[in-house]
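Throughout, residue positions are numbered sequentially from 1 according to the sequence presented.
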Amino acid sequence: MLALLTGALLWGLAWWPLKYFGSAGISGNLMVSVSYGLVAILGLPVLWRQRRQWQRQAGLFLLIAVLGGWANTSLVNALMSGNVVRVMLLFYMAPVWGVLAGRLFLGEHISLHRGAALALALVGAFVLLGGQAAFITPLSPIDMMALSAGLAFALTNVTTRAAHAIPLASKTLVIFLGCTVTATTAALTIGQTLPALPASVWGLIGLFSLTWLALATLATQYGVTHMQAGRASVLLILELVAAVISAMLIGGETLRPQEWIGGVLIACAALLEARTPQLLPAR
């Protein structure tokens, strides 16, 4: 639990340095490519040493890379380009996907409490996206990135829990590798190139990568490896709280009434799920 809460706090505040790097002139894809790529390169010897262990579940190993790569790349792009509060509220539909995926793939039980939590989260998302207008107005690209990031994040957690034969270090490092490949491919596809940034900014990006990102990812992977998938997703509510409060206090962002209502419903859903007794997987 401590690992999950630490990871959630770090991820919840990550928008702050990301916005700074974005204002310096680097795009979301290139930010991911450079920052995650640095950790991935340093971690290659570890992946090679542990290859006999993760090769036992090579399919899950690859799936963690793909899902984790998409989740982080989409979320970083959304945070650097959009409204932090709205992005985090949409991303925090992850508990819905986490509970459903935990049931479908791991046989985790959906109790009455969990059913109520799912309903609250879905209603909250409906209100947040504008009520009935959500069925008429197409979602923006940033909204789509935030929602898909939450889905991929939840599926990454489920896959991580299922990959019991893969060492924690490999689970963590393969996400960095997946992010590097995903973001670099996206950047090359749309013709993005590295900007000419001051050496001090590149140094800060390196420091951010090797400390903040590495610790946040390691803490999250450790937590979801040792905790039920649905519960792990909702205990990360601190990420939502930290992001929303810091964005309002530091970033000067505001919430419209519908965002307040939707956000409160989603947060209540997460709290309700967190209080659900932990049950054994269904047979």
Given side-chain contact (heavy atoms from CB on, under 4.5 Å), test W11 with M88 step by step and report yes or no. CA-CA 10 Å; W11 285 124; M88 290 306 301; over 6 Å; no
As an exercise, state the distance from [atom1] of [X] to [atom2] of [Y], rounded to the nearest 0.5 Å.
X    : Y    : atom1 : atom2 : answer
R51  : R56  : CZ    : CZ    : 12.5 Å
L63  : Q57  : CG    : CD    : 11.5 Å
Y20  : I205 : OH    : CD1   : 9.0 Å
L147 : L90  : CG    : CG    : 5.0 Å
L44  : R49  : CG    : CZ    : 11.0 Å
L42  : L173 : CG    : CG    : 9.5 Å

Give the ring-plane orientation class for F153 versus F91, where under 30° counts as parallel, over 60° as perpendicular and anything between as tilted.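 Judged by the thresholds at 30° and 60°, the geometry between F153 and F91 is tilted.
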[X] [atom1]: over 12 foreign heavy atoms closer than 6.0 Å:
X    : atom1 : value
W212 : CH2   : yes
Y222 : OH    : no
M144 : CE    : no
W70  : CH2   : no
W260 : CH2   : no

Do side-chain atoms of [X] reach the backbone of [Y] as a donor and acceptor pair under 3.5 angstrom?
X    : Y    : result
K19  : V84  : no
S74  : A149 : no
S81  : A78  : no
E253 : V85  : yes
T156 : G68  : yes
Q50  : P167 : no
T217 : A214 : no
Q53  : I166 : no
W15  : M80  : no

Should [X] and [Y] be regarded as members of a common hydrophobic cluster, given that ILVMFWY residues are connected when their side-chain heavy atoms come within less than 4.5 Å of each other, either directly or indirectly?
X    : Y    : answer
L215 : I175 : yes
L18  : L194 : yes
L207 : V201 : no
L79  : M248 : yes
V66  : L47  : no

In chain order, what residues pass the side-chain contact (heavy atoms from CB on, under 4.5 Å) check against S140, with sequence neighbours excluded?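 Per chain and number, S140 pairs via side-chain contact (heavy atoms from CB on, under 4.5 Å) with I142, D143.
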[Y] and [X], any side-chain heavy atoms less than 4.5 Å apart:
X    : Y    : value
F176 : L38  : no
L62  : W54  : no
N29  : I190 : yes
V34  : W202 : yes
L168 : L218 : yes
L30  : F21  : no
V32  : N72  : no
W16  : S246 : no

Decide whether T73 and T182 meet the rule of one side-chain donor and one side-chain acceptor closer than 3.5 Å.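 The criterion, which ignores hydrogens and geometry beyond distance, is not satisfied for T182 and T73.
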Run the numbers on F61 and S170 for side-chain contact (heavy atoms from CB on, under 4.5 Å), then give the verdict. CA-CA 8 Å; F61 184 75; S170 291; 4.1 Å; yes
Check [X] against [Y] and note the closest heavy-atom contact, atom names and distance.
X   : Y    : answer
L13 : A242 : CD2-O, 4.0 Å
N77 : G28  : OD1-CA, 3.5 Å
L67 : A152 : O-CB, 3.6 Å
S27 : Q192 : OG-OE1, 3.1 Å

Quick one: do S33 and T184 satisfy side chain to side chain donor-acceptor pair (under 3.5 Å)? Show the steps, please. CA-CA 5 Å; S33 182; T184 302; 2.6 Å; yes
